[in-house]
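Numbered from 1 within each chain, the chains take letters A, B, ... in sequence-line order.
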There are 2 protein chains.
Amino acid sequence: MSATIYDIAKRCNCSIATVSKVFNNTGTISKKKREEILRVSHELGYIPSESARGLAKADKTTKMIGVLLHINDDKSIGHYLFSSILNSFRIVVEQYGYDVAFLSKIEEDSPYTYLDKVKSRGFDGVFVISANKTETKVKHLFESDYPLVAFDNPGSGCTLTSNNKEIVSELVDYLVSKGHRKICYILPQNKGIAKIRFEGFIEGLKRNGIEFDERMVIPGSYFTIDSVEKETDLALKSGIEPTVIMYPDDYSAVNAIPYLRKLGMKVPSNISVTGFDGIDIASVMHPSIVTVKQDAKSIGYEAAMALIKLINKEPVQKRKIVVPALICEGTSVKNIG
Amino acid sequence: MSATIYDIAKRCNCSIATVSKVFNNTGTISKKKREEILRVSHELGYIPSESARGLAKADKTTKMIGVLLHINDDKSIGHYLFSSILNSFRIVVEQYGYDVAFLSKIEEDSPYTYLDKVKSRGFDGVFVISANKTETKVKHLFESDYPLVAFDNPGSGCTLTSNNKEIVSELVDYLVSKGHRKICYILPQNKGIAKIRFEGFIEGLKRNGIEFDERMVIPGSYFTIDSVEKETDLALKSGIEPTVIMYPDDYSAVNAIPYLRKLGMKVPSNISVTGFDGIDIASVMHPSIVTVKQDAKSIGYEAAMALIKLINKEPVQKRKIVVPALICEGTSVKNIG
DNA sequence: CTGAAAGCGCTAACAG
DNA sequence: CTGTTAGCGCTTTCAG
């Protein structure tokens, strides 16, 4: 098989300890010996075995981080968001010498939990990007004192989340700054993240001195083609004659545009629209959609930095890190000021 | 720290060998002993250390597969395709007991290559989803005899690829079946994958008895908003009065629709369009875009099965696996038959 | 059916 | 500055 420190020690007439030391930059080795060892190692194509290292090291450290990212075929938006977060996370932790591995799915009937998996692989820390909180298998992870960082999973050790409420209120600010005051908000379901966003809407109205009118809120759902048309109808007939409709996602906003045109209204000349998510097409369409995008890059970065600190047992400032989302400007909102 | 086989051996009044055997289903252990060991292990929360296993096992197997997936911030389509492939790959290999880890980026000035990384981590195999072939660091990987499967990387061990040429010719078949014969094809650049697809276009024409006319081909580029408009103009003025325009990507097709409308043509009543890639929005838009989608799920599956066979030293049927892409039907093409 | 013992490749005192 | 030695937790003959 591959060369080991024994091989290279023999060739260099020294002990394996010496070889180990040069590869760990520990102890003190004469420059000459160090260079010889390095050269011979290169010749023999010697590569330290991480398994052996993991075993031998006093701190049992493997320089591997586990990522919990459940896979589901649907939900492309989440999928896209998650993999963007993962990418940016990877870039950072790799810079610090960590490799990233997935925590493979554990079946309900397995005797093991994710915590077991983490221990067995000796991961130095865990990043939970997306987990089904209802699953019992993940519970232990959160309850353990393993270095752990999670996205959108309130209640765990160190948590990352977007400022969903704040950003929606800022989107209202933006609309107001463009002269809009008659705003219709499509509310998919008043719970979870949708609820938090809706609170932002209310807050935005308040901050801008716009009196809340029940008719501004159109109950609806995340995108389906039927729902968009229905909600749009309702918004137009709400009695407040909205100058802008805030849709709950970009798909809805994108599809509202041709529907509105069919009704004889052009976006943004006659009516403005906003979306949510920041899918790629939103920015290249005509008109481009004003929308909100979670800052995947920053989320990944913050998660990485926090986790590395936890691993190194350094104090981490906040238990809950809120990453500002971004308003993506576009041409789907007209300045009617 | 965690319990080891020593702890559980002591508690069960047996040797560590016995414990090891029950966890590996090797040797022959009395039912009674096995159950006792299992019970005690559970009580003590014993989890085998994969590092130690990796070291001790004769075959040096780690049940870990490395994935090479370069990260770039842009290129969302590729990004989406790659992570879809990775997802489906993960699902399969995890079913076979493998964990998946990323091969972390190796800097140009590092003395190590990806092959070194793979050896050092002891990965059982490698899946190259996206690699910069020009990079010297990856060369060694392909040249080694490590179990390896690659996507779209001709010239390597076992390669996966979509039937780019075939599928475009089939798209032509589809258009012809809808009565189209005056087809404009936007050609981004006659090389690489674009070239292969263009060959499919030519083949499709031939197969359907349509004489090739130079004016059918509009030189252009992958999506930019300017290029779409320019190409569309050129297609309309080409002199062949196309009934359908084949755009090189979905972004272009999506954006062509409002532009065509501005010119007084409605899609698909007055003119049809097709895209390429199968981005999500393509199917939910109005009209929905007829497009082609690489079958990420099958690619991931085939890659997984092939790699597992390579790892097990079983014969793998084909060195080059071609995965059929999918035509996504939609309403952007009118039946003018 | 079970155990003793020899490693796997490496780190980490400790001694020189 | 370098070497000796004792493990890390587990697998794997080989005896019994």
Side-chain angles (χ1 to χ4, degrees), chain A residues 1-38 40-41 44-64 116-124, chain B residues 1-38 40-41 44-64 116-124:
Chain A
M1 230 12 235
S2 264
T4 72
I5 47 175
Y6 287 95
D7 301 319
I8 101 118
K10 201 178 297 171
R11 278 277 252 276
C12 295
N13 294 315
C14 65
S15 74
I16 59 165
T18 309
V19 179
S20 174
K21 278 168 194 154
V22 347
F23 277 97
N24 290 287
N25 283 315
T26 152
T28 58
I29 309 287
S30 71
K31 191 164 179 190
K32 193 174 152 219
K33 203 80 204 156
R34 136 175 260 99
E35 276 164 3
E36 181 188 1
I37 288 174
L38 252 18
V40 172
S41 300
L44 268 58
Y46 166 72
I47 303 295
S49 149
E50 293 298 333
S51 289
R53 272 196 169 154
L55 236 199
K57 280 205 281 200
D59 59 5
K60 296 275 170 276
T61 234
T62 57
K63 281 286 179 180
M64 270 253 183
D116 296 333
K117 195 119 217 165
V118 167
K119 281 187 180 169
S120 122
R121 285 288 184 197
F123 293 145
D124 296 342
Chain B
M1 230 12 236
S2 265
T4 73
I5 47 175
Y6 287 95
D7 301 320
I8 100 117
K10 202 177 296 169
R11 277 277 252 278
C12 294
N13 293 315
C14 65
S15 73
I16 59 166
T18 308
V19 178
S20 173
K21 278 167 193 154
V22 348
F23 277 96
N24 289 287
N25 283 315
T26 153
T28 60
I29 309 288
S30 71
K31 191 164 178 190
K32 195 177 152 215
K33 203 84 205 156
R34 136 176 260 99
E35 275 164 5
E36 181 188 2
I37 288 174
L38 252 18
V40 172
S41 300
L44 269 58
Y46 166 71
I47 302 295
S49 150
E50 293 299 332
S51 288
R53 272 199 168 152
L55 234 200
K57 280 205 281 201
D59 59 5
K60 296 272 169 283
T61 233
T62 58
K63 282 286 178 180
M64 270 252 182
D116 295 333
K117 194 118 216 165
V118 167
K119 282 188 181 170
S120 119
R121 284 290 184 195
F123 294 144
D124 296 342

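- Of the candidates D/dT2, D/dC8, C/dT11, C/dT11 carries the atom nearest the A/Ile5 side chain, counting heavy atoms from C-beta on.
- Regarding A/Lys63, its NZ atom lies at a distance of 18 Å from the P atom of C/dC10, rounded to whole Å.
- Here A/Thr4 lies in heavy-atom contact (under 4.0 Å) with sugar-phosphate atoms only.
- For the pair A/Leu55 CG and D/dC8 C1', the computed distance is 4 Å after rounding to whole Å.
- Residue contacts for B/Thr28: at a heavy-atom cut-off of 4.0 Å it reaches a base atom on one of the strands shown.
- Both A/Phe23 and B/Ala56 lie close to DNA chain C; mapped to their nearest nucleotides by heavy-atom distance, the more 5′-ward contact belongs to B/Ala56.
- Summarising the geometry, the separation between CG on A/Asp7 and P on C/dC8 is reported as 11 Å, rounded to the nearest angstrom.
- The nearest whole Å value for the distance from the OH atom in B/Tyr46 to the C1' atom in D/dG9 is 7 Å.
- Look at CG on B/Asn24: it is 9 Å from C1' on D/dC10, rounded to the nearest Å.
- The CD1 atom of B/Ile29 lies 10.5 Å from the CG atom of B/Asn24; values are rounded to the nearest 0.5 Å.
- The minimum heavy-atom distance linking B/Tyr46 with B/Ala3 is given by the pair CD1-O, 3.2 Å.
- With distances taken from any side-chain atom of A/Thr18 to the nucleotides D/dG9, D/dT2, C/dT11, the minimum falls on D/dT2.
- Nearer to the 5' terminus of DNA chain C, by closest-nucleotide assignment, is the contact made by B/Lys33 (compared with the other of B/Lys57 and B/Lys33).
- Rounded to an integer number of Å, the gap from A/Lys60 NZ to D/dG7 P is 13 Å.
- Within residues 8-16 of chain A, the residues having any heavy atom closer than 4.0 Å to DNA chain D are, in order of number, A/Asn13, A/Cys14, A/Ser15.
- In this structure, B/Asp59 places its CG atom 17 Å from P of D/dC10, rounding to the nearest Å.
- B/Lys63 and B/Asp124 get closest at one heavy-atom pair: N-OD2, 2.6 Å.
- Atoms CD1 (A/Ile29) and C1' (D/dG3) sit 10 Å apart, rounded to a whole Å.
- Of the possible polar contacts, one joining the B/Asp59 side chain to the B/Thr61 backbone as a donor-acceptor pair under 3.5 Å is found.
- Closest to the side chain of A/Pro48, out of C/dT11, D/dC1, C/dC10, is C/dC10.
- No N or O donor and acceptor, one from the side chain of A/Tyr6 and one from the base of C/dC8, sit under 3.5 Å apart.
- Residue-level contact check: A/Ser20 touches the bases, meaning some heavy atom is under 4.0 Å from a base atom.
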Result block: side-chain N/O donor-acceptor pairs under 3.5 angstrom for residues 8-17 of chain B, not counting sequence neighbours:
from: B/Ser15; atom 1: OG; to: B/Ala17; atom 2: N; distance (Å): 3.3
from: B/Ser15; atom 1: OG; to: B/Thr18; atom 2: N; distance (Å): 3.4
from: B/Ser15; atom 1: OG; to: B/Thr18; atom 2: OG1; distance (Å): 3.2

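- A distance of 8.0 Å separates OG in B/Ser30 from CD1 in B/Ile37, rounded to the nearest 0.5 Å.
- Legend: residues meeting salt bridge (charged side-chain N to carboxylate O under 4.0 Å, His left out) with B/Lys57, ordered by chain and number and at least two apart, are absent.
- Going from atom CZ of A/Arg34 over to atom OG1 of A/Thr28 covers 10.0 Å, rounded to the nearest 0.5 Å.
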Show which side-chain atoms of residues 47-54 of chain B pair as donor or acceptor with protein atoms under 3.5 Å away, not counting sequence neighbours.
from: B/Ser49; atom 1: OG; to: B/Ser51; atom 2: N; distance (Å): 3.4
from: B/Ser49; atom 1: OG; to: B/Ala52; atom 2: N; distance (Å): 3.1
from: B/Glu50; atom 1: OE2; to: B/Arg53; atom 2: NH1; distance (Å): 3.4

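- For A/Ser51 and C/dC10, the shortest distance from a side-chain N or O to OP1 or OP2 is not below 4.0 Å.
- With D/dC10, C/dT2, C/dC10 as the candidates, the nucleotide lying closest to the side chain of A/Arg53 is C/dC10.
- For the helix from C/dC1-D/dG16 to C/dG16-D/dC1, the terminal axes (five pairs an end, C1' atoms, rotation from four pairs onto the next four) enclose an angle of 30°, given to 10 degrees.
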Exercise. Which is it for A/Asp7 and A/Thr4 under the side chain to side chain contact (heavy atoms under 4.5 Å, CB included) test, yes or no, and what are the steps along the way?
Worked result: CA-CA 5 Å; A/Asp7 301 319; A/Thr4 72; 3.6 Å; yes
Output one line per pair: protein atom, nucleotide atom from nucleotides 13-16 of chain D, and distance, for all N/O pairs under 3.5 Å.
none

